[in-house]
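Taking it in order: structure first as structure tokens, then the write-up.
Quantities reported herein were computed from a predicted structural model and do not represent experimental measurements.
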Amino acid sequence: MAALKRLLTGNGRRHVKSTTREGELFRERALIAMGVVALLTVFLALWYFRLQVLNYSHYQTQSTQNSIRPKPLVPGRGLILDRNGVILAQNVPAFRLDVTPFRAGPPDQWLPALRARVALTDEEVENYRKAIKGSRGFKIVTLKERLTEDEIARMSSDRWRFPGMELTPYMQRYYPYGNLFAHVIGYVGRIDEKDKEKLGSESSALSHIGKAGLERYYEDLLRGKIGYDKIETNVDGRPIRSLGRVPAQPGVDLRLSIDINLQQAMVNAFGDHDGSAVAMDPRTGEILAMVSLPAYNPNLFVNGIPGLLYRELMDNPSRPMFNRNVLGGGPPGSTIKPLVALAGLESGQIDLNYRVFSTGEFFIPGQRRGYRDAHRGSGWTDIKKSIWDSVNFFYYKLAYDMGIEKLDRYMQEYGFGQATGVDLSGENKGVVPSPAYKMKRSKERWYPGETVISGIGQGYWVATMLQLVQGIGAIANDGEMHRPHLVWQVRAGYQKPWVSVASPAKKRISSNKAFLDVIKDGMHLTMVVGTGASLARGAPYSMAGKTGTAQKVSRKGSASMNPHSLPLHLRHQALFVGFAPVEDPQIVIAVNVEHGGYGASTAGPIARKVFDAWLLQRPADPAPRLEPAPDEIMAAELERLAQSKQPAPVTTEPAKSTESTKSTKQAAAAAAKPEEPKQ
């Protein structure tokens, strides 16, 4: 059929292959293929040249990184000690339980067995579940921060039952004296997202960071520098050998100017009162003691405080978490009078011979409203008497004559209305009364009567104990004002010597010795014949001071109101400032007792006890007490909280005797009767 088709279409002629053409076609194709191969070879050669020569360093580094994994070495956090070398913040060895989720498996499979060996709270389990949700399974998650010795022993023997779980050793922060230095030292806590942003790459190696107090302010020094251990690994990521180490640099140790005995004596002196106080060396600005009461136990925060305990602290109306010396403040009352008198002298408004006749009620010219004095008239009053007898009339008139602008300027010069610069974060600047402040605050104009009450530390005043101790310290130190500070010395290692920290900048508020002497004399007379005379009785040293009362409610009518007759929450703030010895001041103090009534009866006795403890070297009684181990503290607090939520047991046991029944009834009656406020 094919032959027939060729005959019909091609007249019977056959097509013959051309070997010459096929040879040419083959050679063309071979040349093209060789060209392509040559180009690919050149391209590959250039590519290898780029890899092996031009980018050798880059890929060599990547290769090394793939085979050598740096293991971070966390440095020991710097210690914090008092001026005598007593350790106030240290590091203790501890173990935590870390879990690698993808190796451990679903929590429901191993939690029941693990809880039989390790005490886990519902909060810890819930935190773990939240941490692994949406995260990569190979990222290590801490299930429990601190294990007890018994838990460590059980997990060490049964660890093979729990794949993906490791006991990780670390150094835990521990505060041996707990509440005593809570608002000074502060505490460390777990790193959160904001901390990670701040620290950058270092956050992956660190678990804790300073959250409050000196721990926060000196975080960069206390933390030290992270080191690395170079570990060579195989393709499976298993360690083979160590290729060297970049050692970690321990944190810097801090030695404070605070004396632990004086700190405890100050706390003891407050008794059951709430308030704050600062004692300072006026010659250097070194803080010798500083308390804010009530306080809290910083050990509870190191590994995360349970929610119930935290809510209990936050719901406490006495605000134990609130640092009254740094964040607080209020009207200084009569304790500001020595500085107002100095401002009057320095401004030229009055001279050393200035005196006024106190009628007991000051009237602004053209007004009928009077501003009363607690003494109902003190007669002729000079500068000294105005201080020791606390004559309000004198300061009403002085403030009115000076004018609020001049008074504001000099109070700013004496350190009020601005941070003192103490080495603690978040310091309150306070407020010096001024028309500008009132306009900004309430959009209202200033009235002359507001100038008058500003002269006695009332009105818009907000002053902290740090500001008061700084200002009174300048008077004690012949006009030279030092910045209050806590850190005295530092050392960059246990074997290194202590190095004194450079003293903060000082400032002179007055160079006129006569002005300063008359103020000192007035404060000294306060403790001899004035409002503080009973406080200095029997002291083997001389002291100068000024009592004060900041009102919570105004007086009614023309009668003075006894603050002790008021409910506790409405009582005045009791204040005292002073220094001793008068001839060579070594300590200056500012005390504020919340709802304490009169300064002379409440705040003054606290200052006297602090003076005695420092100048007479009297040991605190009771003495500072060491706290138990951190896990014991947490266990005790949780047990206390659990017991407090249980109903009281009902007893059916009959009374053993008539006497015991009588005493029981008396105790019940005493418990039902409201406690009388302390005088």
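Side-chain N or O atoms of His524 include one that pairs as donor or acceptor with a backbone N or O of Met543 at under 3.5 Å. Between the side chain of Ser292 and the main chain of Arg324, a donor-acceptor pair closer than 3.5 Å is present. Between the side chain of Asp82 and the main chain of Ile260, a donor-acceptor pair closer than 3.5 Å is present. The main-chain N or O of Thr464 is never found under 3.5 Å from a side-chain atom of Asn428 such that the two would form a donor-acceptor pair. Proximity of a side-chain donor or acceptor of Ser358 to a complementary backbone N or O of Ser378 within less than 3.5 Å is detected. Judged purely by atom type and a 3.5 angstrom limit, Trp461 uses its side chain to pair as donor or acceptor with the backbone of Ser454. Judged purely by atom type and a 3.5 angstrom limit, Gln467 uses its side chain to pair as donor or acceptor with the backbone of Lys429. Arg608 places a side-chain N or O within 3.5 Å of a backbone atom of Arg537 that can act as its donor or acceptor partner. Judged purely by atom type and a 3.5 angstrom limit, Ser318 has no side-chain atom pairing as donor or acceptor with the backbone of Pro320.
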For this session: Show the numbers, then the answer: is there a side chain to side chain contact (heavy atoms under 4.5 Å, CB included) between Glu346 and Asn512?
Result: CA-CA 8 Å; Glu346 287 287 335; Asn512 193 313; 4.1 Å; yes
Exercise. Could you go step by step and tell me if Asp517 and Lys513 meet the salt bridge (Lys or Arg N to Asp or Glu O under 4.0 Å) rule?
Worked result: CA-CA 6 Å; Asp517 285 345; Lys513 189 175 184 304; 2.8 Å; yes
Problem set entry | Criterion side chain to side chain contact (heavy atoms under 4.5 Å, CB included) on Met290 and Met465, from CA distance to verdict | CA-CA 10 Å; Met290 182 165 71; Met465 294 302 101; over 6 Å; no
Problem set entry | Candidate pair Asn261 and Asn84, rule side chain to side chain contact (heavy atoms under 4.5 Å, CB included), full reasoning | CA-CA 10 Å; Asn261 182 73; Asn84 302 308; over 6 Å; no
Problem set entry | Intermediate values then yes/no, side chain to side chain contact (heavy atoms under 4.5 Å, CB included), Ile472 and Leu339 | CA-CA 8 Å; Ile472 299 300; Leu339 290 161; 4.3 Å; yes
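Within a 6.0 Å radius of CZ in Arg216, no more than 12 heavy atoms belonging to other residues, nucleotides or ligands are found. For OH of Tyr310, the number of neighbouring non-hydrogen atoms (other residues, nucleotides, ligands) closer than 6.0 Å is 12 at most. Shown here is Lys211, whose NZ atom has more than 12 heavy atoms of other residues, nucleotides or ligands within 6.0 Å.
At a threshold of 4.5 Å between non-hydrogen side-chain atoms, the residues Phe416 and Val462 do not count as touching. Two residues are said to be in side-chain contact when any heavy atoms from C-beta on lie closer than 4.5 Å; Arg625 and Pro622 fail this criterion. For the pair Leu256/Leu214, a side-chain contact is recorded, criterion being any heavy-atom separation below 4.5 Å from C-beta on. Using a 4.5 Å cut-off on side-chain heavy atoms (C-beta onward), Lys506 and Asn477 make no contact. In this structure, Phe393 and Thr381 have side chains that are not in contact, with every pair of non-hydrogen atoms separated by 4.5 Å or more. Using a 4.5 Å cut-off on side-chain heavy atoms (C-beta onward), Tyr541 and Leu616 make contact. Counting heavy atoms from C-beta outward, Pro624 and Leu180 have side chains that approach closer than 4.5 Å. Inter-residue side-chain proximity for Asp274 and His595 is flagged as unmet; no heavy-atom pair is nearer than 4.5 Å.
Taking every heavy atom of both residues into account, Ser442 and Tyr460 meet most closely at OG-OH, 4.5 Å. Shortest non-hydrogen contact noted between Ile509 and Met481 is CG2-CE, 4.1 Å. Between Tyr396 and Arg372, the shortest heavy-atom distance links the atoms OH-O, 2.9 Å. Looking at every heavy atom in both residues, Ser511 comes nearest to Arg508 through OG-CD, 3.0 Å. When all heavy atoms are compared, the tightest approach of Arg83 to Ser257 is NH1-O, 2.6 Å. When all heavy atoms of Ala600 and Leu535 are compared, the pair lying nearest together is O-CD2, 3.3 Å.
Counted by atom type alone, Lys337 and Ser390 present one or more donor-acceptor pairs between their side chains at under 3.5 Å. When only modelled atom types and interatomic distance are considered, Asn268 and Gln264 share a side-chain donor-acceptor pair under 3.5 Å. In the model, Asn392 has no side-chain atom that pairs as donor or acceptor with a side-chain atom of Tyr371 under 3.5 Å. A side-chain donor-acceptor contact under 3.5 Å links Tyr175 and Glu215.
Note that CE of Met411 is 5.5 Å distant from CD1 of Ile336, once rounded to the nearest 0.5 Å. The line from CG of Leu352 to NZ of Lys384 is 9.5 Å long, rounded to the nearest 0.5 Å. Here the CZ atom belonging to Arg283 is positioned 12.0 Å from the CG atom belonging to Asp478, to the nearest 0.5 angstrom. Distance CD/Gln470 to OG1/Thr420: 5.5 Å, rounded to 0.5 Å. Rounded to the nearest 0.5 Å, atoms CG (Asp382) and CD1 (Ile387) are 9.5 Å apart. Once rounded to the nearest 0.5 Å, the distance linking OG of Ser276 with CG of Leu293 reads 8.5 Å.
Aromatic ring centres of Phe394 and Tyr354: separated by under 6.0 Å. Ring centroid separation for the pair Tyr296 and His183 comes in under the 6.0 Å cut-off.
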Per-pair distances, 0.1 Å, donor-acceptor, side chain in residues 579-593, under 3.5 Å, sequence neighbours excluded:
residue, atom, partner, partner atom, Å
Glu583, OE1, Ser542, OG, 2.8
Glu583, OE2, Ser542, OG, 3.0

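For Glu427, the salt bridge (charged side-chain N to carboxylate O under 4.0 Å, His left out) criterion is met by no residue, not counting sequence neighbours.
Between Asp401 and Lys406 no salt bridge is recorded (no basic side-chain N to carboxylate O distance below 4.0 Å).
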